[in-house]
Amino acid sequence: ISMYDLFRRIRLNFLLTSVLSCILGLLLITAPGTAMRTVFLLVGWMLVISGAASLLTALLSRGQPVGQGELVLGLVQLATGPVVLMRPGFLMSLVGIVVGFVLLIHGIHDIQHARESKALGYEWKLSMGVGSVAVVMGIIVMVNPFSTMETLLRIAGVFLLVDGVADLVMAWRTTHG
């Protein structure tokens, strides 16, 4: 393969990933719920297919140590996959609740740290502010997890779109002077 061919392939790959970033960014901005649901459906099908493959591996390796692990893995995947496929909206809200809970716990920890720092005579205001904001954000996310996840996906979409456009501009500049 010549250096010219290699450069063309790299440039084509760069252009394709840039265009895909733009498309995914636009999808996340305009339809974050649909995008997230699609990801969950893909994960669900992946679990079902890999679970079936693990069970098949376990059946074909009867009596061997590897078969037992594959059997358990396959059963867990086959039990989880259909749940993900049937209840993607519920799982999306769970993700939001978990994120909100983590924010809440982290915020409480920061507030406690600020109180301890203040008692010891150290700087405490920044930690108190960050902790308070994290607690409020955690509560907001847990109260309305789906809306929060859509907002986060839209923000991610904006970043993907900006990145994709910037990459396309760089690709154009490198080929057109």
At what distance, to the nearest 0.5 angstrom, does [atom1] of [X] lie from [atom2] of [Y]?
{"X": "K118", "Y": "S127", "atom1": "NZ", "atom2": "OG", "result": "13.0 Å"}
{"X": "I49", "Y": "Q77", "atom1": "CD1", "atom2": "CD", "result": "11.0 Å"}
{"X": "I105", "Y": "H109", "atom1": "CD1", "atom2": "NE2", "result": "10.5 Å"}
{"X": "L16", "Y": "L12", "atom1": "CG", "atom2": "CG", "result": "4.5 Å"}
{"X": "D163", "Y": "L168", "atom1": "CG", "atom2": "CG", "result": "9.5 Å"}
{"X": "L85", "Y": "L91", "atom1": "CG", "atom2": "CG", "result": "10.0 Å"}

Identify the two heavy atoms, one from [X] and one from [Y], that lie closest to each other, and give their separation to 0.1 Å.
{"X": "L41", "Y": "P88", "value": "CD2-CG, 4.4 Å"}
{"X": "A114", "Y": "W124", "value": "O-CB, 3.2 Å"}
{"X": "A134", "Y": "G107", "value": "CB-CA, 3.6 Å"}
{"X": "T148", "Y": "N144", "value": "OG1-O, 2.9 Å"}

Common cluster, [X]/[Y], ILVMFWY with side-chain heavy-atom separation under 4.5 Å:
{"X": "V165", "Y": "L26", "result": "yes"}
{"X": "M36", "Y": "L94", "result": "yes"}
{"X": "L73", "Y": "V48", "result": "no"}
{"X": "L153", "Y": "L24", "result": "yes"}
{"X": "V83", "Y": "I97", "result": "no"}

So do R154 and L28 actually touch side chain to side chain, heavy atoms under 4.5 Å? no
Do D167 and S21 have side chains that approach each other closer than 4.5 Å (heavy atoms only, starting at C-beta)? no
As a quick check of understanding, evaluate side-chain contact (heavy atoms from CB on, under 4.5 Å) for L55 and E70, giving each step before the final call. CA-CA 6 Å; L55 282 181; E70 288 292 323; over 6 Å; no
Heavy atoms from other residues, nucleotides or ligands near CE of M142 exceed 12 (cutoff 6.0 Å): yes
Do other residues, nucleotides or ligands put more than 12 heavy atoms under 6.0 Å from F14 CZ? yes
So if I apply the side-chain contact (heavy atoms from CB on, under 4.5 Å) rule between L161 and each of I23, I29, L27, which one comes out positive? I29
